[in-house]
Amino acid sequence: MVFDLSANKLLGLEPSRSKILRKSFFDFVRGLISFPLYLPGTAYYSCMKGRQSAMEVLQEVLEERKRSVQLPGAGGGAMETTRRHGDFLDLVIQEMTKEKPLVTDRMALDLMFVLLFASFHTTSLALTLAVKLLADHPRVLEELTVEHETILSGRKACHGSDGITWMEYKSMTFTSQVINETVRLANIAPGIFRKALKDIRFKGFTIPAGWGVMVCPPAVHLNPVIYPDPLIFNPTRFKDKPEIDRGSRHFMAFGGGLRSCVGADFSKLQMSIFLHFLVTRYRWKNLWGGKIVRNPGLEFSDGYHIQIRHWN
Ligand code: HEM
């Protein structure tokens, strides 16, 4: 679901076409952090093959879209004369068809690849974990449901529309705590990379200029000094902590600083909408699976299967 939505909003792909791409991305993700042995049968090999076939599909999509626009010099001003699809690729093509484009074909392909990867693998994992944690913590589910039922009754009293408004989204304070607590425990990015631009003194050690530094978010998010009982799912620990929205030394699920996640706000919105409909319309119970492993990223080794039914 998350992949199809991302593929549609970014590249305008219909589900039938994004299915092919999804398979390649799954192969890519499976071997993303693996021993780099390029031999058939290894995780690394399937990762490289997955990337290759995803890039082939993306190349086709890019070529098709380029053919559908009028290039400068071919008469007329690029995008103005062509059909807009209302997706992110429109903007990329718009830049590529300028007289002096900043984006080359290669950059466009890498951009499409990285955005698809960054948007689906992360949010879908976080949502899966959220569904599991809520099923395992009925009191949290109850409080979350109350927040969303209150939104529904307020809406009925006012305008009766079905869509979530921005004000309603902004009123989802407990939902935001649930999301923060879920991504703290999920540690979807097990490592964040930076480069030391100058010598850095740290606790008696020097990190020389030019060295790569791997920041390890789980070491922060599971530190009992910062988060007492760190393995317990307790969304209220994020009550009254608005500063974590920008990322901090103590909360870096979406990274921090200049290179922090560009999709964080989008992803939180997407998760809030998902949770709104989930808790107001459905109930579910665990069937099997749900075993969490770290490889080193979050994985459900035997999947996570639930039975879901209409509730309201
Ligand atoms: C639960 C959802 C998500 C999580 C946990 C997550 C986490 C992260 C983390 C930890 C980083 C590294 C930040 C750093 O180095 O400081 C990152 C970077 C990035 N994320 Fe996300 N992300 C999520 C969703 C998304 C979505 C939905 C998109 C796109 C629509 C996205 C696009 C990106 C991009 C492009 C970068 C690279 C930013 C840069 O290097 O300047 N992410 N994300």
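These figures come from a predicted structure and were not determined experimentally. Both ligands and their constituent atoms are indexed starting at 1 by order of listing.
Atoms of ligand 1 lying under 4.0 Å from at least one heavy atom of F266, given by number and element, are 27 (C). Of all atoms in ligand 1, numbered sequentially from 1 with element shown, those under 4.0 Å from a heavy atom of A253 are 5 (C), 7 (C), 10 (C). Of all atoms in ligand 1, listed by their number and element, those nearer than 4.0 Å to a heavy atom of A189 are 10 (C). For ligand 1 and G255, the ligand atoms under 4.0 Å from any heavy atom of the residue are 10 (C), 13 (C), 14 (C), 16 (O). Atoms of ligand 1 found under 4.0 Å from any heavy atom of G256, numbered from 1 in the order shown, are 16 (O).
K9 has no carboxylate O lying under 4.0 Å from a charged side-chain N of D4, or vice versa, which leaves the two without a salt bridge.
For the pair R237 and Y227, the cation does not sit on the ring face, since its NZ or CZ is not both under 6.0 Å from the ring centre and inside 45° of the axis.
Nearest protein heavy-atom neighbour of atom 40 (O) of ligand 1: R259 NH2, 2.9 Å. Scanning the protein for heavy atoms near atom 16 (O) of ligand 1, the closest one is R194 NH2, 2.6 Å. Among protein heavy atoms, the minimum distance from atom 25 (C) of ligand 1 is reached at A118 O, 3.3 Å. Ranking protein heavy atoms by distance to atom 1 (C) of ligand 1, first place goes to S267 OG, 3.5 Å. Looking only at protein heavy atoms, the nearest one to atom 20 (N) of ligand 1 is C261 SG, 3.3 Å. Of the protein's heavy atoms, G263 CA, 3.5 Å lies nearest to atom 28 (C) of ligand 1. Summary of contacts: the protein heavy atom closest to atom 35 (C) of ligand 1 is V262 CG2, 3.3 Å. Counting only heavy atoms of the protein, atom 30 (C) of ligand 1 lies nearest to S119 CB, 3.6 Å.
For the atom pair T236 OG1 and F238 CZ, the distance stands at 10.0 Å (nearest 0.5 Å). Taking CG of L21 as the start and CD of E60 as the end, the distance is 10.0 Å to the nearest 0.5 Å. A distance of 8.0 Å separates OG1 in T128 from CG in L298, rounded to the nearest 0.5 Å. Taken from CH2 in W311 to OH in Y282, the straight-line distance is 13.0 Å, to the nearest 0.5 Å. A distance of 6.5 Å separates CG of L134 from OG1 of T182, quoted to the nearest 0.5 Å.
For F26 and F3, the ring centers are positioned 6.0 Å apart or more.
Partners of L231 by side chain to side chain contact (heavy atoms under 4.5 Å, CB included), not counting sequence neighbours, listed by chain and number: L222.
Here A186 has no heavy atoms under 4.0 Å from ligand 1, in either its backbone or its side chain.
Between L269, T122, L127, L111, it is T122 that holds the heavy atom closest to atom 3 (C) of ligand 1.
Linking Ile, Leu, Val, Met, Phe, Trp and Tyr residues whenever their side-chain heavy atoms come within less than 4.5 Å leaves L125 and L5 in two separate clusters.
Below 3.5 Å of separation, one finds no N or O of I192 facing any N or O of ligand 1.
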